[in-house]
Student: 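The structure follows.
Since the structure is predicted, the reported quantities are computational estimates derived from the model, not experimental observations. Naming convention: chains lettered A, B, ... in sequence-line order (proteins, then strands); numbering from 1 in each chain.
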Amino acid sequence: MSTPETPYPSDFIRELIREDLKNRKFDSRVHTRFPPEPNGYLHIGHAKSICLNFGIAEEFKGLCNLRFDDTNPAKEEVEYVKSIKEDVKWLGFGWDNREYYASDYFEKLYGYAVDLIKKEKAYVCDLSADEIREYRGTLTEPGRESPYRSRSVEENIELFEKMRKGELPDGSRTLRAKIDMKSGNINMRDPVIYRIMRADHHRTGDKWRIYPMYDFAHCFSDSIEKITHSICTLEFEDHRPLYDWFLEQLNVYHPQQIEFARLNLSHTVLSKRKLIQLVQEKHVSGWDDPRMPTISGLRRRGYTPESIRNFCERIGVAKRDSTVDMALLEFCIREDLNKHTQRVMAVLRPLKVVIVNYPENQAEELDAVNNPEDPGMGTRKVPFSRVLYIEKDDFREDPPKGFFRLSPGKEVRLRYAYYITCTGVVKDKNTGEVTELQCTYDPATRGGDSPDGRKVRSTIHWVSASHAIEAEVRLYDHFFTRPVPGGESNDFKTDMNPKSLESLKSCFVEPCLANAKSGDRFQFERMGYFCVDPDSSDKGLVFNRTVTLRDTWARIEKAQKKN
RNA sequence: UGGGGAGUCGUCCAGUGGCAGGACGGCAGACUCUGGAUCUGCUUACAGGGGUUCGAAUCCUCUCUCCCCAGCCA
C-alpha cells in the first residue's frame with residue numbers, strides 16, 4: 001500500500017511499467033521473476049534485484065516468480081538452491097507455489113530448438129570450441145560462416161537427436177542459431193544454443209545429455225511463464241537483440257527485457273567468482289562468515305531483513321555504474337537496531353575497579369532502561385558490588401585534551417549506578433601496565449543522579465565482576481582496506497584487511513544475557529550492536545559485532561593524532 | 001579501431017525548457033545518565049566546446065572519459 005509516509009520509490013523501470021499499464025500493454029498485467037543460478041550464495045547485490053522484482057510485483061499488484069536458472073549442471077548444486085530459497089524468504093518475500101526451474105522446461109526448450117531447425121534458423125555445427133572462436137571473428141572484424149551452416153533440416157534433426165541421446169562425445173558438436181556472422185553484435189554471430197554435456201543434473205539426473213545455453217533458455221522460460229518485464233543487469237543489454245530474435249522467430253509470447261546497473265559496494269567484492277574464491281581458499285570461514293557480503297553472512301553478522309530492504313530502497317535503481325559507500329549500509333542497520341534492540345552493558349576489554357568504600361560481600365540491584373527509544377521495552381535490574389570491570393579505554397592515567405572519562409582524581413558516573421572518583425592506580429611491577437583502579441563512590445548518587453546537582457562530564461558502562469558472564473566477542477572491520485579491492489593492484493586479494501576479525505575471549509556481559517539465544521541482538525551501550533553467534537554453546541556465549549555506534553570521541557582522537 | 005551503454009555534490013539517487021534537490025558521508029553547534037540517539041546549520045556537483053532559445057542539466061552538434069561484449073558460463 002502506498003501511503004504518504006512510505007511512498008514507493010520511483011525509478012526508470014517503474015516509470016516504464018506505469019507507461020505500459022497506461023497503454024494496456026501485457027493486458028495490464030505485471031509479472032516479474034527473480035532468476036538466480038544455483039551456483040553460489042546470494043549476496044547484497046542479489047538483494048537489490050530481489051527487492052526490485054518482488055517489490056515491483058507487490059506495488060503493481062502483480063506476481064513475481066522464483067526461477068532457478070539451472071542450465072549448467074557442471075556448476076550447480078542443491079545446496080545452493082536451498083540457501084537461495086532460505087535467503088529470499090528471510091528477506092521477507094514469498095513466491096507461493098511459483099517456484100520454477102529452467103530445467104522443468106527442458107522438454108519444451110528442446111521442442112523450440114527443433115522448431116528453429118525446421119525454420120532453418122538453427123543448425124548442428126561440428127566445429128570445435130577453438131574453431132568456433134576462430135570463426136567468430138573479433139570485435140572489429142566480422143566472423144566467417146561455419147562450413148556446417150547449410151545442412152539439411154533432416155540431417156540437423158537427426159544429429160540433434162543423437163546429441164540428445166548422448167551418442168556423441170562432449171564438445172564434438174553444438175546446436176547454433178543461424179543469424180548473422182557479420183553482425184557488429186558478437187552475440188548475434190550464430191551463438192551456440194545447445195552443448196553436449198554428459199553430466200548429471202541436480203534435478204533431471206541423467207535424462208539429458210545436452211543442455212541449453214542461457215540466451216536460449218532464458219527468453220523462452222520468461223515466455224513460458226508469461227513474464228511481462230524481464231529485469232536483468234546491464235551486461236545483458238547487448239543480449240537483448242538475441243532475446244528478442246528467438247521469441248520473434250517462433251512467434252511466441254514476448255516479454256520485455258529491461259536492464260539496470262548491478263550493485264557495487266565499497267570495501268567488499270560482489271562477484272560470485274571472487275566470493276567463491278574467498279570461501280574455497282579459506283580466507284573466510286564459509287559463505288556465512290560475518291564478513292561476507294552474502295545474505296547469510298549479513299544475517300549471521302546481525303543485519304535485519306528490514307535494514308537490507310531499506311538499503312535497497314535508498315540506493316535507487318539506474319543505468320549508470322556506481323559504487324555505493326558501505327557507510328550507507330551501516331547507517332541502515334544502525335537506524336533499525338537503534339529503534340529495536342535492547343541495551344545492555346558489556347565490557348570488552350576489562351579493567352578491574354575496586355570501590356574501596358563499598359562494603360565487601362554487599363550487592364544491590366539497580367534499575368536500568370532497556371531501550372530509551374522505546375519505553376515499552378521496560379526496565380531491568382543490574383547487580384552492583386564492590387569489584388567491577390570497566391572498559392580499559394575508559395581510563396587514562398594521563399588524559400589527553402578533551403578526554404572526559406576516568407582518570408586519577410576525576411569523577412565519572414557509572415551508568416544507572418553511582419558517581420565514582422579514581423583515587424588510586426595499581427600497576428604491574430614489570431610492565432607498568434595498569435591492572436586495577438581504586439575508586440570511591442558517593443552513596444548519595446545512587447541511580448546516577450547527584451542531589452547537590454553537581455555534574456560529571458562522562459557516563460561509563462560497567463559490570464559487576466562477581467555477577468558478570470564471561471563471553472567471547474568478535475569484532476569485525478571491512479574485509480578489504482580499499483574502497484575498490486584490487487582497484488590499484490589488479491588483484492583484489494592484496495587488499496584484504498589482515499585485521500578484519502579480532503576475537504576477544506574474555507569479555508564480561510551483564511547477567512541478564514544468560515539466556516540469550518543464537519541470533520538475538522543487543523546494543524552493548526557505547527560499544528555497538530551485537531548479536532549472538534551460532535557458535536555459542538553451553539561452554540559460553542559468542543557475540544558478533546554487527547556495527548559500531550557512531551563514536552565522536554574516536555573521531556576527535558583520530559583528528560588529534562593527525563595534527 | 002565494430003557493437004551496446006553511461007557521464008549531476010566525496011558517494012548514491014532525483015530533476016525531462018523556468019531558482020539544481022534529497023539521502024549518506026564530512027564539518028560546526030544544540031541537547032543528552034550511551035562522546036549513542038535526536039535536532040539545527042554549513043559544505044560541495046550538471047565531463048568539455050559550440051549552437052537553438054527570453055531562458056538549457058534538460059533540445060541540436062562536435063569532442064572527451066568510463067563501463068560491457070570475442071564461454072560449448074550466467
Student: For A/E525, which contact category applies under a 4.0 Å heavy-atom criterion: base, sugar-phosphate, or nothing?
Tutor: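 Base: the residue A/E525, judged by heavy atoms under 4.0 Å, touches a nucleobase.
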Student: Please report the distance separating the C1' of B/C46 from the corresponding atom of B/U32, rounded so that it comes out in whole Å.
Tutor: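 Between the two C1' atoms, the distance is 41 Å.
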Student: Measure from CZ on A/R550 to P on B/C39 and round the result to the nearest Å.
Tutor: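 The answer, rounded to whole Å, is 11 Å.
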Student: Take the protein atom CZ of A/R273 and the nucleotide atom C1' of B/G71, then report the distance between them rounded to whole Å.
Tutor: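 So the CZ-C1' distance, A/R273 to B/G71, works out to 14 Å.
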Student: Pairing check on B/C31: which nucleotide meets the Watson-Crick or G-U wobble criteria with it, both distances under 3.5 Å?
Tutor: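 Answer to the pairing question: none, since B/C31 forms no Watson-Crick or G-U pair.
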Student: Among B/C69, B/U34, B/C12, find the nucleotide with the atom closest to the side chain of A/I186.
Tutor: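 Minimum distance to the A/I186 side chain belongs to B/C69.
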Student: Reckon A/A129 touches a base, only the sugar-phosphate, or nothing at all at heavy-atom distances under 4.0 Å?
Tutor: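 Base contact - A/A129 has a heavy atom under 4.0 Å of at least one base atom.
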Student: Tell me what A/F331 touches on the nucleic acid: a base, only sugar-phosphate, or nothing, going by heavy atoms under 4.0 Å.
Tutor: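 A/F331: backbone/sugar contact only, no base atoms under 4.0 Å.
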Student: Whole-Å distance between B/C68 C1' and A/L139 CG?
Tutor: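 To the nearest whole Å, that distance equals 11 Å.
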Student: So which nucleotide from B/G2, B/C13, B/A74 ends up closest to the side chain of A/S322?
Tutor: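 Between B/G2, B/C13, B/A74, the one nearest the side chain of A/S322 would be B/C13.
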Student: On a whole-Å scale, what distance lies between the P atoms belonging to B/C64 and B/G29?
Tutor: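 Nearest-Å result for B/C64 against B/G29 at atom P: 48 Å.
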Student: If we call it a pair only when both distances are under 3.5 Å in a Watson-Crick or G-U wobble match, what pairs with B/C54?
Tutor: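 Its partner is B/G18 (Watson-Crick or G-U wobble, both distances under 3.5 Å).
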Student: State, with a plain yes or no, whether a side-chain heavy atom of A/P293 is found less than 4.5 Å away from one of A/L275.
Tutor: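 A side-chain contact under 4.5 Å exists here.
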Student: Consider the side chain of A/D69, meaning its heavy atoms from C-beta on, and name the nucleotide among B/A70, B/A74, B/A6 that approaches it most closely.
Tutor: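 For the A/D69 side chain, the nearest candidate turns out to be B/A74.
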Student: Considering only atom P, compute the distance from B/G25 to B/G18 and round it to an integer number of Å.
Tutor: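 Approximately 32 Å lies between the P atom of B/G25 and that of B/G18.
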Student: Taking only the side-chain heavy atoms of A/W553 (C-beta and beyond), determine which of B/C27, B/C73, B/G35 contains the nearest atom.
Tutor: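 Shortest atom-to-atom distance from the side chain points to B/G35.
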Student: What distance, rounded to whole Å, do you find between the two P atoms, one in B/A6 and one in B/G55?
Tutor: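 Per the computed distance, 29 Å lies between those P atoms.
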Student: For a quick test of reading the model: is some side-chain N or O of A/R136 closer than 4.0 Å to OP1 or OP2 of B/C69?
Tutor: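 False: A/R136 side-chain N/O out of range (4.0 Å or more) of B/C69 OP1/OP2.
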Student: Could you tell me whether A/M188 contacts a base, only the sugar-phosphate backbone, or nothing, with contacts defined as non-hydrogen atoms closer than 4.0 Å?
Tutor: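 The residue A/M188 makes no contact with any strand.
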Student: Under a 3.5 Å cut-off for both distances, is B/G10 Watson-Crick or wobble paired, and to whom?
Tutor: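 Check on B/G10: paired to B/C24, both distances under 3.5 Å.
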Student: Aromatic rings A/Y100 and A/Y105: how do their planes relate, parallel, tilted or perpendicular, breaks at 30° and 60°?
Tutor: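 Aromatic pair A/Y100/A/Y105 classed tilted.
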Student: Does the side-chain contact (heavy atoms from CB on, under 4.5 Å) test come out yes or no for A/L116 and A/I193, once each step is laid out?
Tutor: CA-CA 11 Å; A/L116 233 36; A/I193 58 183; 4.1 Å; yes
Student: Checking side-chain polar atoms at under 3.5 Å, does A/D222 have a donor or acceptor matched by the opposite partner on A/Y243?
Tutor: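 Per modelled atom types, A/D222 and A/Y243 side chains form a pair under 3.5 Å.
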Student: Take the protein atom CZ of A/F311 and the nucleotide atom P of B/U11, then report the distance between them rounded to whole Å.
Tutor: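 Value for this atom pair: 16 Å.
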Student: Would you indicate which nucleotide in B/G35, B/C68, B/C73 comes nearest to any side-chain atom of A/M213?
Tutor: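 Within the option list, the nearest is B/C73.
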Student: Quick one: label A/E15 by what it contacts on the DNA or RNA (base, sugar-phosphate, nothing), any heavy atom closer than 4.0 Å.
Tutor: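 A/E15: backbone/sugar contact only, no base atoms under 4.0 Å.
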Student: Please state whether the base of B/U8 and the side chain of A/R320 form at least one donor-acceptor pair under 3.5 Å?
Tutor: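 Donor-acceptor pair under 3.5 Å: yes.
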Student: For the side chain of A/D11, starting at C-beta, report the closest nucleotide among B/A14, B/G35, B/U34.
Tutor: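 It is B/A14.
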Student: Closest to the A/F403 side chain: B/G5, B/G3, B/G35?
Tutor: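 Of the candidates, B/G35 comes closest.
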Student: Under 4.0 angstrom, heavy atoms only, what part of the nucleic acid is A/T323 near: base, sugar-phosphate, or nothing?
Tutor: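 Touches sugar-phosphate only.
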Student: Between B/G5 and B/G22, how far apart are the P atoms? Round to whole Å, please.
Tutor: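 Nearest-Å result for B/G22 against B/G5 at atom P: 33 Å.
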Student: Does one side chain, of A/E259 or A/Q257, offer a donor that lies under 3.5 Å from an acceptor on the other?
Tutor: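 Yes.
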Student: For A/R173 and A/M527, find the nucleotide of RNA chain B closest to each by heavy atoms; which residue's nucleotide sits nearer the 5' end?
Tutor: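 By nearest-heavy-atom nucleotide position, the 5'-most residue is A/M527.
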Student: Mind calculating the distance between CZ (A/R314) and C1' (B/U11) to the nearest angstrom?
Tutor: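 Those two atoms, CZ and C1', are 14 Å apart.
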Student: For the residue pair A/T379 and A/Y416, establish whether any side-chain heavy-atom pair is separated by less than 4.5 Å.
Tutor: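 Answer no - side chains too far apart.
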Student: Quick one: does A/R405 reach the base of B/G35 with a side-chain donor-acceptor pair under 3.5 Å?
Tutor: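 Donor-acceptor pair under 3.5 Å: yes.
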Student: Nearest whole Å is fine: how far is B/C72 P from A/I196 CD1?
Tutor: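 After rounding, the reported distance stands at 14 Å.
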Student: From CZ of A/R189 over to C1' of B/G71, roughly how many Å is that when rounded to an integer?
Tutor: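 Taking CZ of A/R189 and C1' of B/G71, I get 15 Å after rounding.
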Student: Could you pick out which residue, A/D70 or A/R446, lies toward the 5' side of RNA chain B when each is mapped onto its nearest nucleotide?
Tutor: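 That would be A/R446.
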Student: When rounded to the nearest Å, what value does the distance between P atoms of B/G26 and B/U61 take?
Tutor: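 Pairwise P distance, B/G26 against B/U61, rounds to 43 Å.
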Student: Just to be sure I understand the rule, does A/V317 reach a base, reach only the sugar-phosphate, or reach nothing, if contact means heavy atoms closer than 4.0 Å?
Tutor: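 Touches sugar-phosphate only.
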Student: At less than 3.5 Å, do the side-chain atoms of A/D325 and the base atoms of B/G25 form a donor-acceptor pair?
Tutor: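 By the distance-only test, no, there is no pair.
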Student: Sticking with atom C1', work out how far B/G10 lies from B/U16, rounded to a whole angstrom.
Tutor: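 Taking atom C1' in both B/G10 and B/U16, they lie 27 Å apart.
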Student: Only pairs with both distances under 3.5 Å count, Watson-Crick or wobble alike; so what is the partner of B/U44 in this structure?
Tutor: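 B/U44 is paired with nothing.
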Student: For B/A14 versus B/A23, give the span between their C1' atoms, rounded off to a whole number of Å.
Tutor: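 Result for the C1' pair: 11 Å, nearest Å.
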Student: Please classify the nucleic acid contact of A/S183 as base, sugar-phosphate, or nothing, using heavy-atom distances under 4.0 Å.
Tutor: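 A/S183: no heavy atom of the nucleic acid under 4.0 Å.
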Student: Scan A/E141 against the nucleic acid and name what it touches under 4.0 Å (heavy atoms): base, sugar-phosphate only, or nothing.
Tutor: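 Counting heavy atoms under 4.0 Å across all strands, no contact is made by A/E141.
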Student: Nearest to the side chain of A/V324, heavy atoms from C-beta on, is which of B/C12, B/G25, B/G26?
Tutor: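 Taking heavy atoms from C-beta onward, the closest nucleotide is B/C12.
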Student: Is the positively charged end of A/R176 above the ring of A/Y123, judged by distance under 6.0 angstrom from the centroid and angle within 45° of the axis?
Tutor: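 No, A/R176 and A/Y123 do not form such a contact.
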Student: Think A/R195 has a side-chain N or O under 4.0 angstrom from the OP1 or OP2 of B/A74?
Tutor: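 Indeed, a polar side-chain atom of A/R195 lies that close.
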Student: Find the partner of B/G2: check Watson-Crick (N1-N3 plus N6-O4 or O6-N4) and G-U wobble (N1-O2, O6-N3) distances, both under 3.5 Å, and reply none if neither fits.
Tutor: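 With both distances under 3.5 Å, B/G2 matches B/C69.
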Student: When A/Y110 is tested against each of A/F216, A/F160, A/F220 for ring-ring contact (aromatic ring centres under 6.0 Å, His included), which residue passes?
Tutor: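 So the option named by the test is A/F160.
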Student: Using salt bridge (Lys or Arg N to Asp or Glu O under 4.0 Å) as the criterion, point out the one residue from A/R149, A/K182, A/K178 that pairs with A/D190.
Tutor: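 Exactly one candidate clears the test, A/R149.
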Student: Looking across every strand, which nucleic acid part, if any, lies under 4.0 Å from A/P372 by heavy atom: base, sugar-phosphate, or nothing?
Tutor: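 The residue A/P372 makes base contact.
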Student: Tell me what A/L414 touches on the nucleic acid: a base, only sugar-phosphate, or nothing, going by heavy atoms under 4.0 Å.
Tutor: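 The residue A/L414 makes no contact with any strand.
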Student: In terms of side-chain heavy atoms of A/D321, which of B/C67, B/A74, B/U34 is nearest?
Tutor: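 Among the listed nucleotides, the one closest to the side chain of A/D321 is B/C67.
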Student: Would you kindly give the CG-to-C1' distance between A/L242 and B/G3, to the nearest whole Å?
Tutor: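 Going from A/L242 (CG) to B/G3 (C1'), I get 14 Å.
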Student: Nearest to the side chain of A/L234, which nucleotide is it out of B/G5, B/G15, B/U34?
Tutor: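 The nucleotide sitting nearest to the side chain is B/G5.
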Student: Indicate, with a heavy-atom threshold strictly under 4.0 Å, whether A/F236 touches base, sugar-phosphate, or nothing.
Tutor: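 Contact class for A/F236: base.
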Student: Between the base of B/U38 and the side chain of A/E373, is there any donor-acceptor pair under 3.5 Å?
Tutor: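 No, the side chain and the base share no sub-3.5 Å donor-acceptor pair.
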Student: How many angstroms lie between atom CG of A/D238 and atom CD1 of A/I186, to the nearest 0.5 angstrom?
Tutor: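 Going from the CG atom of A/D238 to the CD1 atom of A/I186 covers 9.0 Å.
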